[in-house]
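Take a look at the structure set out below.
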Amino acid sequence: MNKIKIFKGVVTKKSGDKTISVLVSEKKRHKIYKKVYTVSKKYLVHDQNNVSQVGQEVSFKPVRPISKNKSFLLIDQNGDKKWLNKRRA
């Protein structure tokens, strides 16, 4: 089966027309020391209708490249940042 990974993150910046910058954070545990640490990555996401606002929680998926740095498409807006420090499902 071909499963597409869905990412969840918080909009950090509206960078240009139809583009948003989204921060995806997840907590990981070190294999040996068992310390919990946060890993974050920013993605440029295509927002076709310019509907997302800074601070909103959004879901997005990978698609074919739209531009040099943009390869993700917005699929859902979930409101404010409630889950920022929770683990992804």
Side-chain angles (χ1 to χ4, degrees):
M1 286 204 146
N2 190 4
K3 263 194 153 174
I4 296 175
K5 186 170 184 175
I6 303 295
F7 295 94
K8 290 184 180 179
V10 177
V11 178
T12 57
K13 182 180 174 182
K14 288 189 64 121
S15 48
D17 187 35
K18 299 182 181 181
T19 302
I20 55 175
S21 179
V22 180
L23 179 70
V24 175
S25 299
E26 86 176 292
K27 291 193 175 190
K28 291 190 173 186
R29 183 177 297 272
H30 194 278
K31 291 178 184 177
I32 297 172
Y33 301 115
K34 309 300 187 224
K35 180 178 171 74
V36 177
Y37 60 98
T38 304
V39 177
S40 300
K41 182 159 173 55
K42 281 189 176 182
Y43 296 96
L44 289 180
V45 179
H46 185 68
D47 181 8
Q48 182 64 36
N49 300 323
N50 281 328
V51 292
S52 297
Q53 300 297 323
V54 174
Q56 248 183 349
E57 179 187 341
V58 296
S59 300
F60 58 97
K61 66 177 182 178
V63 292
R64 65 177 181 80
I66 297 168
S67 67
K68 179 180 176 183
N69 297 319
K70 194 165 48 166
S71 299
F72 297 92
L73 182 65
L74 180 72
I75 56 173
D76 189 26
Q77 294 176 279
N78 305 332
D80 293 328
K81 53 179 180 179
K82 301 172 197 164
W83 71 278
L84 181 59
N85 292 322
K86 291 184 183 176
R87 191 175 282 190
R88 276 192 289 164

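Considering all non-hydrogen atoms of both residues, S71 and P65 come closest at OG-CA, 3.7 Å. Of all non-hydrogen atoms in P62 and F7, the two that sit nearest each other are CD-CE1, 4.1 Å. Taking every heavy atom of both residues into account, D47 and V51 meet most closely at OD2-N, 3.1 Å. Nearest heavy-atom pair, S21 versus S15, reported as atom, atom and distance to 0.1 Å: N-OG, 4.1 Å.
Using modelled atom types, one side-chain atom of K14 and one backbone atom of S52 make a donor-acceptor pair closer than 3.5 Å.
Partners of Y37 under the ring pair (Phe, Tyr, Trp, His ring centres under 6.0 Å) rule, at least two apart in sequence or in another chain, do not exist in this structure. Under the side chain to side chain donor-acceptor pair (under 3.5 Å) criterion, N50 pairs with D17, not counting sequence neighbours.
Here the CZ-CG distance, from F60 to L44, works out to 10.0 Å after rounding to the nearest 0.5 Å. One distance of note links OG of S25 with NZ of K8; it measures 14.0 Å at 0.5 Å rounding. Taking CG from L74 and CD1 from I20, the interatomic distance works out to 5.0 Å, rounded to the nearest 0.5 Å.
Between V22 and V58, some side-chain heavy-atom pair lies under the 4.5 Å cut-off.
Identified under the side-chain hydrogen bond (donor to acceptor under 3.5 Å, both in side chains) test for residues 58-70, with sequence neighbours left out: T19-K70, H46-K70, S59-N78.
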